[in-house]
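Presented below is the structure to which this report refers.
Residues: numbered from 1 along the sequence shown.
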Amino acid sequence: MGDVIDARGRPCPQPVLMTKAALDEGRTAFAVLVDNEGSAQNVSRFAANAGCQASIVREDGVFRVEVSRNGGGSTPVHTGDVPITCNVPAARTRTLVIQTESLGQGSEELGRRLITQFLSTLAANETVPERVVLLNGGVKLACQGSESTAALRDLAARGVEILACGTCLNHFDLNGQLTVGRPTNAYEVLNLLLQGDVVTWG
């Protein structure tokens with residue numbers, strides 16, 4: 001394969017436009033590097049519509065679209081109009097703050113069941129936060145004896161950082177009983193909250 005066009009990190013539809021420019025210049029064989037499958041499919045579909053052969057190879061998280069002009073001629077081809085799908089990722093909450101070991105008001109027993117239920121549902125959800133911060137009574141959810149530790153472990157397995165307030169653990173005499181996540185401090189929590197995208201339970 002000839003030239004390599006590095007379109008990694010380029011927002012849609014720039015990888016397709018770079019491919020179009022290469023074809024309009026009369027290039028006969030080249031590869032386009034992109035960092036997501038959506039862009040790879042867009043480039044491949046565009047090249048095929050332009051009368052070229054295109055194949056996608058994924059290597060170490062990089063998508064390489066091999067493009068070659070049928071017949072190998074150097075005459076510019078008509079690229080035409082091809083639908084381009086630009087996928088916008090769903091908004092993701094950075095930080096979920098849980099301030100109590102139960103959810104809602106009215107029945108404490110019901111609130112405990114609800115928060116376990118909500119955490120279990122969150123762990124199975126398509127979108128999860130970047131981290132869960134446990135404050136005040138919320139630290140009990142990550143400690144020995146809590147029914148919520150399994151859900152928090154599932155979240156941690158998906159890359160969600162679990163942070164438990166160290167001062168709160170001390171207050172409830174729970175040092176050494178944390179079963180998932182790690183202790184944190186006011187400075188770290190404050191700076192995480194200042195980043196925005198925060199949802200609070202409790």
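- Clustering of Ile, Leu, Val, Met, Phe, Trp and Tyr by side-chain heavy atoms under 4.5 Å joins Val57 with none of the others.
- Summarising the geometry, atom CG belonging to Asn49 is positioned 11.0 Å from atom OG belonging to Ser44; distances are rounded to the nearest 0.5 Å.
- Between Ala50 and Leu23, the shortest heavy-atom contact is CB-CD1, 3.8 Å.
- For Ala150, the side chain to side chain contact (heavy atoms under 4.5 Å, CB included) criterion is met by no residue, not counting sequence neighbours.
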Inset, instruction - Determine, stepwise, if the pair Thr179 / Arg153 fulfils side chain to side chain contact (heavy atoms under 4.5 Å, CB included). - result: CA-CA 9 Å; Thr179 62; Arg153 285 196 190 95; 3.6 Å; yes
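- Shown here are the ring pair (Phe, Tyr, Trp, His ring centres under 6.0 Å) partners of Phe118, two or more places apart in sequence or in another chain: Trp201.
- A donor-acceptor contact shorter than 3.5 Å links the side chain of Thr116 to the backbone of Arg112.
- By the side chain to side chain contact (heavy atoms under 4.5 Å, CB included) test, Arg10 is found to be paired with Ala7, Gln14, Pro15, Met18, residues two or more places apart in sequence or in another chain being considered.
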Inset, instruction - Given side chain to side chain contact (heavy atoms under 4.5 Å, CB included), test Arg45 with Val16 step by step and report yes or no. - result: CA-CA 9 Å; Arg45 187 165 55 248; Val16 168; over 6 Å; no
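- Residue Pro183 is tested with Leu178, Leu134, Val139 for a side-chain contact (heavy atoms from CB on, under 4.5 Å); the sole match is Leu178.
- With contacts defined as side-chain heavy-atom distances shorter than 4.5 Å, the pair Asp197/Thr95 does not qualify.
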Inset, instruction - Please assess Lys140 against Ser146 for the test side chain to side chain contact (heavy atoms under 4.5 Å, CB included), listing each intermediate value before the final yes or no. - result: CA-CA 7 Å; Lys140 298 179 182 180; Ser146 171; 5.9 Å; no
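- The two atoms that bring Cys12 and Asn42 nearest to each other are SG-ND2, 4.1 Å, heavy atoms only.
- A side-chain donor-acceptor contact under 3.5 Å links Asn125 to the backbone of Thr127.
- Listed by first and then second residue, the ring pair (Phe, Tyr, Trp, His ring centres under 6.0 Å) pairs involving residues 140-194 amount to none (not counting sequence neighbours).
- Residue pairs meeting the salt bridge (Lys or Arg N to Asp or Glu O under 4.0 Å) criterion with at least one member in residues 31-41, sequence neighbours excluded, do not occur.
- Between atom CG of residue Asn170 and atom CG of residue Asn175 there is a gap of 4.0 Å, rounded to the nearest 0.5 Å.
- Side-chain atoms of Thr149 never come within 3.5 Å of backbone atoms of Ala142 as a donor-acceptor pair (strictly under, hydrogens ignored).
- Residues satisfying the side chain to side chain contact (heavy atoms under 4.5 Å, CB included) criterion with Asp6, sequence neighbours excluded, are Arg8, Leu33.
- Side-chain contact between Ser39 and Val65 is absent, with no heavy-atom pair separated by less than 4.5 Å.
- Within the structure, every pair that satisfies the salt bridge (Lys or Arg N to Asp or Glu O under 4.0 Å) test and touches residues 159-174, not counting sequence neighbours, is listed here: Glu161-Arg182.
- Residues Ala151 and Ala123 share a closest heavy-atom pair of O-CB, 3.8 Å.
- The shortest non-hydrogen separation linking Leu152 to Leu141 is CD1-O, 3.5 Å.
- Membership of the apolar cluster around Val198 extends to Val97, Val133, Leu135, Leu163, Val189, Leu192, Leu193, as traced through chained side-chain contacts below 4.5 Å between ILVMFWY residues.
- For Glu109, the salt bridge (charged side-chain N to carboxylate O under 4.0 Å, His left out) partners two or more places apart in sequence, or in a different chain, are Arg113.
- Inter-residue side-chain proximity for Leu119 and Ile98 is flagged as met; some heavy-atom pair is nearer than 4.5 Å.
- Considering all non-hydrogen atoms of both residues, Glu126 and Arg158 come closest at O-NH2, 3.3 Å.
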Inset, instruction - Dump the intermediate steps for side chain to side chain contact (heavy atoms under 4.5 Å, CB included) on Ile5 and Arg27, then the final yes or no. - result: CA-CA 11 Å; Ile5 298 173; Arg27 298 194 201 184; 3.7 Å; yes
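- Pairs of residues two or more places apart, or lying in two chains, never qualify as ring pair (Phe, Tyr, Trp, His ring centres under 6.0 Å) while including a residue from residues 129-165.
- In this structure Gln177 satisfies the side chain to side chain contact (heavy atoms under 4.5 Å, CB included) test together with Cys143, Gln144, Leu174, sequence neighbours excluded.
- Closest of all the heavy-atom pairs between Val180 and Ala156 is CG2-CB, 4.3 Å.
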